[in-house]
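Here is the structure we will look at, set down as structure tokens.
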Amino acid sequence: MIRAHTVAAVREAEAPRLTAGEPLMARAAFALATRVAAELRERGHRVSGSVVLLLVGGGNNGGDALFAGTHLARRGCQVHAALLGERPPAAGLAAARAAGVRVHEVLAAPDVPGAVVALARAAGVWVDGLTGIGARGPLRAPLTAVVGALAAEKAASPDEPVVVAVDVPSGIGVDDGALPGPVLPADVTVTMGTAKPGLLLPPAAAVAGRVEVVDLGLDGDLAAAAPAVCRLAPADVADLWPVPGPADQKYTRGVLGVVAGSQAFPGAAVLAVAGAVGAGLGMVRYRGPEVPTGLVHARHPEVVAAPGRVQAWVIGSGIDPDDAARTQAMEESLAAALAARLPVALDAGGLSLVHDDGHPDLPATVVLTPHAGELATLLTARGEEVTRADVEAAPARHARLAAEITGATVLLKGAATVVAAPDGPLYAQADATPWLATAGAGDVLAGVLGALLAGYGDAIAADEEGRLTALPARLAAAAALVHGRAARRAAGQGPDGSGPGAPITAQDVAAALPGAVGALLR
Ligand SMILES: NC(=O)C1=CN([C@@H]2O[C@H](COP(=O)(O)OP(=O)(O)OC[C@H]3O[C@@H](n4cnc5c(N)ncnc54)[C@H](OP(=O)(O)O)[C@@H]3O)[C@@H](O)[C@H]2O)[C@H](O)CC1
Ligand SMILES: [K+]
């Protein structure tokens, strides 16, 4: 699992070590230089003779870049430092000059962006050491223009320069993942001591590239600080996955009640059920009208269409809130779940059940699964004037707001999926593929989540002391990881999303679930 800590937590962890004179910056700079050298080699370039450009800000972020440039110069790189801070870090500058780094006072140039781009055109690696955790707000002039010009140059360059961000891409919202202004997208972010929330949270996560965490020896101090954002890795999900044993039967594996689909949208019933059975569970009880029931049975004859004991519910996929009969069925199953303290996934039309405070203080065992538009509608219905664009610009903040207002856990779907509960860390999962943006994919995800909730349903229902209140959020993040991995698998991409992929349908994703789960458990 990747754990990300806020700027305040990092400062607090660093302070005693800096006071004790620990060489944190030296460690950081050496690791940064090592990564830059590795990037050169991985692209078939010799380190010696390669041209590296340092973009140097006025603080210690720039200091990291300068000391790293010192190491690279000593390894034979031709290193250029563009000084872009009013007061460049003196110690780093002296060390860089002594090692033969060529220093350019570009702030004195009549055309600062032009001067930087001219240096960048000659360099194979650009090291973004403008601002790190000390940045306040969007980048100020002239960095805004410099970064904009470099981003355009990178996009247009046939040579594909590598951008390595120091600690964070300069200008992102370090603690909230916002993109308040222009940022130079990184191929790799070498982050010091611990990951930062902005490297995992959308939209900024999309410009961080591959994140490499440098061990500065802060783990002990940071362990005391609860992480602000977590990202589950496959191994974490494998540890969570309810794998059956010899003593298991369908009720110990988990039975899921599915209230999805309607005469108007029968397919959603098939897809939600397919997501559940593909993820693996004891049994599905499908509750719905004749047409979707017939379709479900045609593809999943093992599904039971009769009422009975369940350990979790999926409610709402493919249901229009204006459909009175289906809305009544949704209300009844939600009421039954709450009365029995069973976990629930509320998807699509099911979200309308929390548009008013008819269910005040929902437990965190209720997991809402909106996309940005549905979350904007929900928040607006609950008195927060919010648009889809607002949610997309700050997904984590709005997911947390909805969790606080409703009491439920919120899984906000998107290119990166954010999970927020009223308490505890945010989760930010980036396991999907753009091919997953296809009709019905959300229905399948609801089924995967339902299967996981059913697997833990009895334990959650029996959890009087609240020891498992953090579990639904973790299961939601796990469902997002498996759903994304199944989509990559179905699209013919690597587990890391590599490769161009190919068109997939929601059913392809469901069909790839057993393989994706099996790959996790290996
Ligand atoms: N603490 C340590 O020894 C270690 C730090 N690490 C690295 O250092 C940075 C944090 O360094 P810090 O000096 O605290 O701050 P930054 O360098 O990130 O940024 C401050 C400089 O940036 C300017 N600034 C601030 N906001 C903006 C903005 N919106 N636009 C443009 N420029 C901005 C600021 O100028 P001021 O005039 O506002 O002072 C400073 O010049 C951390 O990220 C690590 O990279 C080591 O890695 C570990 C040890
Ligand atoms: K930076």
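Remember, predicted model here, so these are calculated numbers, not experimental data. One-based numbering, in listed order, for ligands and for the atoms of each. When a residue number appears, it is its place in the shown sequence, counting from 1.
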Yes or no on side chain to side chain donor-acceptor pair (under 3.5 Å) for Ser50 and His45, after CA distance, side-chain angles and deciding distance?
CA-CA 7 Å; Ser50 288; His45 304 307; 5.5 Å; no

Within the 4.5 Å heavy-atom criterion, are Leu378 and Thr406 side-chain neighbours or not?
yes

Suppose I only count heavy atoms of Gly58 and a 4.0 Å limit; which atoms of ligand 1 are within that range?
41 (O)

Run the contact test for Gly137 against ligand 1 with a 4.0 Å cut-off on heavy atoms, strictly below, and give the result.
yes

Here the atoms of ligand 1 under 4.0 Å from any heavy atom belonging to Leu18 are 1 (N), 2 (C), 3 (O)

Does the side-chain contact (heavy atoms from CB on, under 4.5 Å) test come out yes or no for Gln78 and His80, once each step is laid out?
CA-CA 7 Å; Gln78 186 189 120; His80 295 261; 2.7 Å; yes

Thinking salt bridges, do Arg210 and Asp496 make one under a 4.0 Å N-O criterion?
no

Could you list the atoms of ligand 1 found under 4.0 angstrom from a heavy atom of Gly132?
16 (P), 18 (O), 43 (O)

Identify the protein heavy atom lying closest to atom 12 (P) of ligand 1, giving its residue, its atom name and the separation to 0.1 Å.
Asn60 N, 3.8 Å

From Leu452 atom CG to Leu475 atom CG, the distance as rounded to the nearest 0.5 Å
5.5 Å

Validation row: Val125, Leu72 side chains within 4.5 angstrom (heavy atoms):
no

Which residue owns the protein heavy atom closest to atom 1 (N) of ligand 1, what's the atom, and how far is it?
Glu14 OE1, 3.2 Å

For the metal site, I want the angle between atom O of Val166 and atom O of Thr131 with the K ion (ligand 2) at the apex, to 10°.
110°

Among all protein non-hydrogen atoms, which one is nearest to atom 14 (O) of ligand 1, and what is the separation to 0.1 Å?
Arg11 NH2, 2.8 Å

Does the side chain of Glu86 come within less than 4.5 Å of Leu107's, by heavy atoms?
yes

Of all N, O or S atoms in Asp128, which has the smallest distance to the K ion (ligand 2)?
O

When rounded to the nearest 0.5 angstrom, what distance separates CG in Asp236 from CE in Met1?
4.5 Å

What distance separates His5 NE2 from Ile133 CD1, expressed to the nearest 0.5 Å?
13.0 Å

Indicate, as side chain, backbone, both or neither, the part of Asn61 found under 4.0 angstrom from ligand 1 when only non-hydrogen atoms are considered.
both

Would one find an N or O of Thr131, backbone or side chain, under 3.5 Å from an N or O of ligand 1?
no

Any atom of ligand 1 sitting under 4.0 Å from a heavy atom of Glu86?
no

Any N, O or S atom of Val168 closer than 3.4 Å to the K ion (ligand 2)
yes

Expected output: side-chain Thr409 to main-chain Ala364 donor-acceptor under 3.5 Å
yes

If we set the cut-off at 4.0 Å for heavy atoms, which region of Leu143 has an atom near ligand 1: side chain, backbone, both, or neither?
side chain

For the CZ atom on Arg46, are there more than 12 heavy atoms of other groups (residues, nucleotides or ligands in this structure) within a distance under 6.0 Å?
no

Gly85 touching ligand 1 at heavy-atom level, < 4.0 angstrom:
no

Output yes when Asp176 and Arg397 qualify as a salt bridge under the 4.0 Å nitrogen-oxygen rule, no when they do not.
no

In Å and rounded to the nearest 0.5 Å, what is the CG to CG distance from Leu201 to Asp175?
9.5 Å

Report the member of Val190, Asp64, Leu216 with the shortest heavy-atom distance to atom 7 (C) of ligand 1.
Asp64

If you have a sec, work out which protein heavy atom is nearest atom 43 (O) of ligand 1 and how many Å separate them, to one decimal?
Asp167 OD2, 2.6 Å

Using modelled atom types and a 3.5 Å cut-off, is there a donor and acceptor pairing between side-chain atoms of Arg488 and backbone atoms of Pro495?
yes

With heavy atoms only and a cut-off of under 4.0 Å, state how Ile133 meets ligand 1: side chain, backbone, both or neither.
both

Among non-hydrogen protein atoms, atom 21 (C) of ligand 1 lies closest to Gly59 N, 3.7 Å

Where on Glu22 is there a heavy atom closer than 4.0 Å to ligand 1, on the side chain, on the backbone, on both, or on neither?
neither

Can you list the ligand 1 atoms lying under 4.0 Å from a non-hydrogen atom of Ala28?
47 (O)

Nearest protein heavy-atom contact for atom 26 (N) of ligand 1: which residue, which atom, what distance?
Arg136 N, 2.9 Å

Considering only heavy atoms of Leu24, which atoms of ligand 1 have at least one such atom less than 4.0 Å away?
49 (C)

Return the residue, atom name and 0.1 Å-rounded distance of the protein heavy atom closest to atom 15 (O) of ligand 1.
Gly134 CA, 3.3 Å

Pairwise distance NE2(His355) to CG(Leu379) - rounded to 0.5 angstrom
9.0 Å

Please find out if the K ion (ligand 2) and some N, O or S atom of Gly57 are separated by less than 3.4 Å.
no

Has Arg27 got any heavy atom lying under 4.0 angstrom from an atom of ligand 1?
no

Once you round to the nearest 0.5 Å, how far does CZ of Arg3 lie from OG1 of Thr194?
9.5 Å

Within ligand 1, which atoms have a heavy atom of Met192 less than 4.0 Å away?
47 (O)

Do me a favour and list the nearest non-hydrogen protein atom to atom 35 (O) of ligand 1 with residue, atom name and distance?
Arg140 NH2, 3.4 Å

For a side chain to side chain donor-acceptor pair (under 3.5 Å) check, start with the C-alpha distance between Asp347 and Thr369, then their side-chain angles and the critical distance, and finish with the verdict.
CA-CA 5 Å; Asp347 184 46; Thr369 59; 2.7 Å; yes

Could you tell me which atoms of ligand 1, counted from 1 in the order shown, lie closer than 4.0 angstrom to a heavy atom of Pro138?
28 (C), 29 (N), 30 (N)

Does Gly57 reach ligand 1 with a nitrogen or oxygen that is under 3.5 Å from one of the ligand's nitrogen or oxygen atoms?
no

